[in-house]
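One structure is given below, encoded as structure tokens.
Predicted, not measured: the structure shown is a model, and the values here were computed from it.
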Amino acid sequence: MKNLSLLAVLAASTFAFPAFAQDRDTSNDFNGPYISIVGGGTLQGNDRGETLVFDTNRDGTYGDTVTTVAAADAFSPGFCNGAATSAANLGCRNDKDGPEYFARLGYDKRMGNFVVGLVLEGGRSHARDSVSAFSTTPAFYTMSREADYQAGARLRAGYTPGGGALFYVTGGGAYAKLDNRFTTNNAANSFADNGRTNAWGYAAGGGAEVMVTNNIAVGLEYLYTDLKDKDYVVNVGPGTAPATNPFLLNGGGTDIQRSDPHFRTHSVRGTLSFRF
């Protein structure tokens, strides 16, 4: 609900200015360089069916079953799409939506009523994505990730009906330095991970801008981002666990990853731009 309210406020602020734009010379609108500040909310979809996957002999191939000495599945309690709230699979906290803020450099070339341009931006989103597994011990194992910072380079193309307002689509490459975290209540095994990782992908969306003065524009934008990270791994070792520990039975240790390397988000953001 709070995100719907944010969208409504941004939409109202974006399209409340056309009357001002009509009193200007619009022939040079959306042509040349500009800088922007961008802010809004990052929303996440439901990562339905996501799990943790295991490599019990550390041969680089995931999908092994962690078994007990009785050959039973040690993770038969299952998985959940979120952060564990207990050692039993009784429910998880939902993934966290959050605010985002970016700075942007851009350049547009106007050709009649058509506009093409390049956008470079960097900033941060506070959304967090988690997944948890539960063992028969009982114990929980949770992986979480969020972006320390993000950057993108996109093209955009749009239409301006005589200036004043621009309606556009945009798409291009995206990058993030991900802060990965692992938590568990298993105090017997040892756990080591590689922490921050690099994620690459793409972003695409669209939006609208309205010129308020000859140099200032406000806008509303939607952006879908898909980042892929296959590098984050948790290495499980013996610690103080006996040799009969399920993580140790097939080679003395187990590696853990997420089943889905994609970090997908939806952004609804407002823009404030100064054009030179």
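In this structure, V218 is a member of the same hydrophobic cluster as I35, with clusters built from ILVMFWY side-chain heavy atoms closer than 4.5 Å. Connection of F75 to F191 is established within a shared hydrophobic cluster, with ILVMFWY side chains joined at heavy-atom distances below 4.5 Å, either directly or through further cluster members. Y202 and L120 fall into different hydrophobic clusters, where Ile, Leu, Val, Met, Phe, Trp and Tyr are joined by side-chain heavy atoms under 4.5 Å apart, directly or via other members.
The salt bridge (Lys or Arg N to Asp or Glu O under 4.0 Å) analysis of residues 184-196, with sequence neighbours excluded, yields the pairs D148-R196. Counting only residues at least two apart or on different chains, the salt bridge (Lys or Arg N to Asp or Glu O under 4.0 Å) pairs with a member in residues 166-180 are D179-R181.
From D255, atom CG reaches atom CZ of F54 across 11.0 Å, with rounding to the nearest 0.5 Å. T42 OG1 to R124 CZ: the interatomic distance, rounded to the nearest 0.5 Å, is 11.0 Å. For the atom pair CG of L166 and CZ of R110, the computed distance is 9.5 Å after rounding to the nearest 0.5 Å.
D25 and N214 get closest at one heavy-atom pair: O-OD1, 3.8 Å. Nearest heavy-atom pair, T240 versus A187, reported as atom, atom and distance to 0.1 Å: OG1-O, 4.2 Å. T271 approaches R104 most closely through the heavy-atom pair CG2-NH1, 4.0 Å.
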CA sep, side-chain torsions, deciding dist, call: M143, N180, side chain to side chain contact (heavy atoms under 4.5 Å, CB included): CA-CA 7 Å; M143 286 186 176; N180 299 283; over 6 Å; no

Verdict with reasoning, N94 to Q44, per side chain to side chain contact (heavy atoms under 4.5 Å, CB included): CA-CA 10 Å; N94 291 334; Q44 293 189 76; over 6 Å; no

Verdict with reasoning, I216 to L272, per side chain to side chain contact (heavy atoms under 4.5 Å, CB included): CA-CA 7 Å; I216 297 175; L272 175 63; 3.9 Å; yes

Side chain to side chain contact (heavy atoms under 4.5 Å, CB included) evaluation trace for F247 with N186: CA-CA 12 Å; F247 285 124; N186 177 341; 3.9 Å; yes

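Between R93 and S130, the closest side-chain pair of non-hydrogen atoms is not below 4.5 Å. Residues L249 and V69 meet the side-chain proximity criterion, which asks for heavy atoms closer than 4.5 Å. Contact check for M211 versus R275: side-chain heavy atoms found under the 4.5 Å cut-off. Residues E50 and F79 form no side-chain contact, since every pair of their non-hydrogen atoms from C-beta on lies 4.5 Å or further apart. Inter-residue side-chain proximity for R258 and D229 is flagged as unmet; no heavy-atom pair is nearer than 4.5 Å.
For the pair R145 and Y232, the cation does not sit on the ring face, since its NZ or CZ is not both under 6.0 Å from the ring centre and inside 45° of the axis.
Between the side chains of S267 and E100, at least one donor N or O sits under 3.5 Å from an acceptor N or O. Checked by atom type, the side-chain pair N189/N245 shows a donor-acceptor distance below 3.5 Å. For T56 and D64, the side-chain atoms include at least one donor-acceptor pair closer than 3.5 Å.
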Side chains of residues 154-165: which donor-acceptor pairs under 3.5 Å do they make with residues two or more places apart or in other chains?
from, atom 1, to, atom 2, distance (Å)
R154, NE, T170, OG1, 3.2
R154, NH1, E121, OE2, 3.1
R156, NE, D108, OD1, 3.4
R156, NH1, E209, OE2, 2.9
R156, NH2, D108, OD2, 2.8
R156, NH2, E209, OE2, 2.9
T160, OG1, G163, N, 3.0
T160, OG1, A165, O, 2.7

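Between Y168 and F30, the ring centre distance reaches or exceeds 6.0 Å. For F274 and F276, the gap between ring centers is short of 6.0 Å.
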